[in-house]
2 protein chains.
Amino acid sequence: MPTIKQLQYLVAIADHRHFRRAAEVCNVTQPTLSAQLKELELRLGATLVERSRSSVVLTSTGREIVARGRRVLAEVEEIRALARLANQPMAGTLRLGVVQSLGSYLMPLIIPDIHAREPGLRLYIREGLPKQLLDQLEDGAIDFLFFPLPVERRSLAALPLFEEPLLVVAPINHELAASRSVSGTQLRGENLLTLEPGHRLYEQVRILADEYEARLSHDYEGTSLDTLRQMVAMEIGISLMPALYVRSEVARETLVMAMPFDDEAPARTVGMVWRKGAAREETFRILARHVRTILSRDVPEVRVIEEDKTAAP
Amino acid sequence: MPTIKQLQYLVAIADHRHFRRAAEVCNVTQPTLSAQLKELELRLGATLVERSRSSVVLTSTGREIVARGRRVLAEVEEIRALARLANQPMAGTLRLGVVQSLGSYLMPLIIPDIHAREPGLRLYIREGLPKQLLDQLEDGAIDFLFFPLPVERRSLAALPLFEEPLLVVAPINHELAASRSVSGTQLRGENLLTLEPGHRLYEQVRILADEYEARLSHDYEGTSLDTLRQMVAMEIGISLMPALYVRSEVARETLVMAMPFDDEAPARTVGMVWRKGAAREETFRILARHVRTILSRDVPEVRVIEEDKTAAP
DNA sequence: CATTTTGATAGTTTTTATCTATCGAAACGC
DNA sequence: GCGTTTCGATAGATAAAAACTATCAAAATG
C-alpha cells in the first residue's frame, strides 16, 4: 500500500525531473527520496521512473499514477481544510430533529435569523414522532432536537429554552369567546377535545380536564391540531392548544377564537436535547442563546427561560 | 498530515461503530486503532468521533472527513489496480512519433493489425519534423519513434525494421515510363527534383544524383512529396520517392509513373527508436516483431530486416 | 583530465506504528 | 446490589519504517 508521503515524493519528481530538487521541495534528503521512490515501486510492483543522468523521465505507468496521486493529495488537502474550518464552532452541517407539533410553527420564526447570524452553519431539519426522534438522536442519526421536556433518557442532556402556554380555543359564538382571558374554573362542564393518546399534549390536557372538572371527550379524538381546530369550528367542543400553533394557524381563523388563561397558565416546556458528551456542545449552547434572543424579541406568545441549566449532572 | 492507514481506521470505525470490530477488520489490535484515531484527531486538530459506551458516533466534522477519506482510499485502490495492469507489457498508453514523410503512409498499413493483436495497448500518434521528434523523445514527451536510421544521438537506442526503396517517378509520356525498371545509368542528364534541404530524403537524392550524373534541380524544390509529384506531372523533371508513398499516393496517379530500380535499389532504413534504459523496452521489442510480421505478409514494397539488432552498446 | 553532479547504497539514528498488559468506567445478568 | 463482562484509553516495550550521514560509481561538464 503506498503512503501519502511516497505519492508526494513521486509528484515532486514528476514536476522537477530532478531527485535533489524534488527532495529539497519535500524537505527530505535526496537518499530518502530515492529510497522512498524505490519502496513505492516495490509496493506497486511497477517501474514509475526511468533514471538517467540527462534527466528523469516518467514511464507511461508513472504518468498515470502521478495523475491519480495528484488527486489523492488534493483530497487530503481538502480534508485538512475541512478540519481547519470545522474547528470554528459555528461551521459545518448539523442535523436537527423537531416533533411534528412544533416544527412547522417554530422553525419559520427562528431559522431566517439564525442563518443571518451564523451563515457558516447549515441545519438539516427532520420532523418525526417523539420516540423516533429520541432513538435517532441516541444512535447518531440526528445531532440535536428541539423537543418538549423533560426527557427521560439518561444518555441525553437537555437545555430548557422556553415555555409554550396552552390557550383555550372555542367556537366564535361560544360565551368564552367574548372574554379576553379565561380562568380555569370557567372550563367546568365544558366538552374538551384533544389529540389521541400517545401525544404529550394529550397527557397534559387530561390532567387539566381533571383539575378543572371539564369533560374530556372520547368520542372525537383528533389526529392533528388541524383536525381539532376544524371540530371546534363545528361547535363540537372547545380545546386547549399550544401558543405557537395558535399564532400560526388560528389567529386568522374566523370561526374560532383563542383566549389565554389568566395568570399561571398551563404550558409545555420546550428545550434543546443532545447526547451527553456531544462534540458540538459549544455549538448547541451558542444556538440556544440565539433562539432565546430571537424569541424574546419577536415572539411574545412564549415565555423564554433564561437560565442556563442542563438536566442531569 | 493524515496517513492512508489512519483514514482506513476512521472509515472502519464509521462503518462498524465499534472500536474492537473496526480493529479486527483492519487487522490491528484495538489499542493500535484507538491510538491511531487519536493521532489523526491530533494531526487534524478536530474531534471526529464521540466516544461512549452505548455506541460510537461520528461528529459532523467526522462524517464529512469520512466521506472524503473514502474517496482517498478508492483512488489509492485505483492506483494499485493500475499498477497491476501496467505490469503486463502490452497494456497502457504509449506515445509514438513518426516523421511526416512516413506517418501517413505507414500507420494505415500497421495500426489495425497491431490493435487486433494487442487490444490492451493504446498508441497515441504524433507527427513532426525529425529533429523535433528526437528532442521530444529525449526529454520524455514521446515514448518511441518510427524513424529513418541511423540516428546520431548517444542516449537513444535504435532497432532497424525495414528498408524502404526509392522508386523513379517520371511523367507518363517520359521514355523511362515505358520501362518496367530503371538502371541508374538511365538517369544520366535527367533533371532530378527533390525536397528542400533539411530532409533525410534530400541528402540521399543528392548523393544519388552525383553517382548517376543526373542534374539535381535547384530551381524547383518541393516542400512536400505531394508538391514534388505535381511538378513531375507538369513535366518539369523526374524524382525519386519512397516506396510506401508511391504505394499510397502515386500508384493510382494517371499523369506519372513509378518504376523500381534494377537490383541494388537505393533505399532508406526505417526503424524504432527509444531511449536507452526505457522501462518499456520489452513492449517495444514485441511491437517490432508485430510490425515485421505485418509488413512481411502485406507490404511487398518494403524489405523487412529480420535480425534483432540494436545500434550502440 | 580533473572536477562536479547525479542517483544509489550502506550503516546508523530517529520516529512511528504496533504489540501486550492493564486500567477505569459503564453495562449486563443474576 | 454485586460480580462479571465489555468498552475505549493508557503505559511500556518492541518492531518496523523513515529519515539521516557518509560515500559510492558513473556520467556530464569545463
Side-chain angles (χ1 to χ4, degrees), chain A residues 1-10 12-14 16-44 47-59 62 138-140 153-157 275-277 279 312-313, chain B residues 1-10 12-14 16-43 47-59 62 138-140 153-157 275-279 312-313:
Chain A
M1 176 75 89
T3 70
I4 287 175
K5 280 198 167 190
Q6 288 169 347
L7 295 176
Q8 277 186 312
Y9 299 162
L10 177 66
I13 289 169
H16 294 88
R17 312 279 300 280
H18 192 281
F19 278 52
R20 282 172 198 268
R21 283 205 280 275
E24 201 174 304
V25 162
C26 296
N27 286 317
V28 293
T29 63
Q30 176 269 320
T32 294
L33 185 128
S34 181
Q36 283 297 324
L37 173 67
K38 189 166 191 132
E39 179 63 25
L40 177 60
E41 287 179 324
L42 213 64
R43 293 183 185 192
L44 294 180
T47 302
L48 306 177
V49 165
E50 287 166 22
R51 282 83 154 169
S52 79
R53 286 299 309 276
S54 49
S55 141
V56 172
V57 166
L58 293 177
T59 64
E138 277 192 326
D139 64 27
R153 295 230 191 166
R154 289 193 300 168
S155 65
L156 303 180
R275 288 178 301 277
K276 282 174 180 169
Chain B
M1 176 75 90
T3 69
I4 289 175
K5 280 198 166 188
Q6 286 169 348
L7 295 175
Q8 276 186 315
Y9 300 160
L10 177 64
I13 289 168
H16 294 87
R17 311 281 301 279
H18 193 280
F19 278 50
R20 284 176 197 266
R21 284 205 280 274
E24 200 172 307
V25 162
C26 294
N27 287 318
V28 292
T29 63
Q30 176 269 321
T32 294
L33 186 129
S34 179
Q36 284 297 320
L37 174 67
K38 187 165 194 134
E39 178 62 27
L40 177 61
E41 288 178 323
L42 214 65
R43 292 184 186 189
T47 302
L48 305 177
V49 166
E50 289 166 20
R51 280 86 153 166
S52 80
R53 285 299 309 273
S54 52
S55 141
V56 171
V57 167
L58 292 177
T59 64
E138 278 194 327
D139 64 24
R153 297 230 191 164
R154 290 193 296 168
S155 68
L156 302 180
R275 288 180 301 275
K276 284 175 180 170

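So you know, we letter chains A, B, ... as the sequences are listed, proteins then strands, and number each from 1. This one's a predicted model, so the numbers in the text were calculated from it and none came from an experiment.
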Query raised in the report: 5'-most contact on DNA chain D: A/Thr32 or B/Thr32, nearest heavy atom basis?
Result: B/Thr32
Can you measure [X] atom [atom1] to [N] atom [atom2] for me and round it to whole angstrom units?
X       : N      : atom1 : atom2 : result
B/Leu33 : D/dC7  : CG    : C1'   : 13 Å
B/Leu42 : C/dA17 : CG    : P     : 12 Å
A/Leu58 : C/dG7  : CG    : P     : 13 Å
B/Gln36 : D/dG8  : CD    : C1'   : 15 Å

Report task. Rounding to 10 degrees, work out the angle separating the end axes of the helix from C/dC1-D/dG30 to C/dC30-D/dG1 (five pairs an end). Result -> 30°
Report summary line: Tightest non-hydrogen contact, residues B/Ile4 and A/Pro2, listed as CD1-O, 3.4 Å
Report summary line: A/Val49 and A/Glu41 have their tightest heavy-atom pair at N-OE2, 3.3 Å
Query raised in the report: Who passes side chain to side chain donor-acceptor pair (under 3.5 Å) against B/Glu24, sequence neighbours left out?
Result: none
**Report entry** Residues that A/Gln8 engages under side chain to side chain donor-acceptor pair (under 3.5 Å), provided they are two or more places apart
**Finding:** none
Query - Donor-acceptor pair, side chain of A/Arg17 and main chain of A/Val56, under 3.5 angstrom - result: yes
Report summary line: Note: contacts of residues 18-29 of chain B with DNA chain D (heavy atom, under 4.0 Å) are B/His18, B/Phe19, B/Arg20
Query raised in the report: Considering only D/dA18, D/dA19, D/dG8, which nucleotide approaches the side chain of B/Gln30 most closely?
Result: D/dG8
Verify the contact: side-chain N or O of [X] to OP1 or OP2 of [N], cut-off strictly under 4.0 Å; return yes or no.
X       : N      : value
B/Tyr9  : C/dT18 : yes
A/Lys5  : D/dA17 : no
B/Lys38 : D/dG8  : no

Query raised in the report: Any donor-acceptor pair under 3.5 Å joining the side chain of A/Glu39 to the base of D/dA17?
Result: no
Requested in this report: May I have the step-by-step check of side-chain contact (heavy atoms from CB on, under 4.5 Å) for A/Leu156 and A/Lys276, ending in yes or no?
Outcome: CA-CA 5 Å; A/Leu156 303 180; A/Lys276 282 174 180 169; 5.9 Å; no
Requested in this report: Using a heavy-atom cut-off of under 4.0 Å over every strand shown, decide if A/Arg43 touches base, sugar-phosphate, or nothing.
Outcome: sugar-phosphate
Report summary line: A correct 5'-to-3' footprint of nucleotides 10-15 of chain C, with B, S and - meaning base, sugar-phosphate only and no protein heavy atom under 4.0 Å, is ------
Report task. Could you check if a side-chain atom of B/Leu58 sits within less than 4.5 angstrom of a side-chain atom of B/Glu50, using non-hydrogen atoms only? Result -> no
Counting only pairs under 3.5 Å, give me each side-chain donor-acceptor contact of residues 29-39 of chain A, with atom names and distances, residues two or more places apart or in other chains.
unit_1	atom_1	unit_2	atom_2	d
A/Thr29	OG1	A/Thr32	OG1	3.0
A/Gln36	OE1	A/Gln6	NE2	2.9
A/Glu39	OE2	A/Arg43	NE	3.0

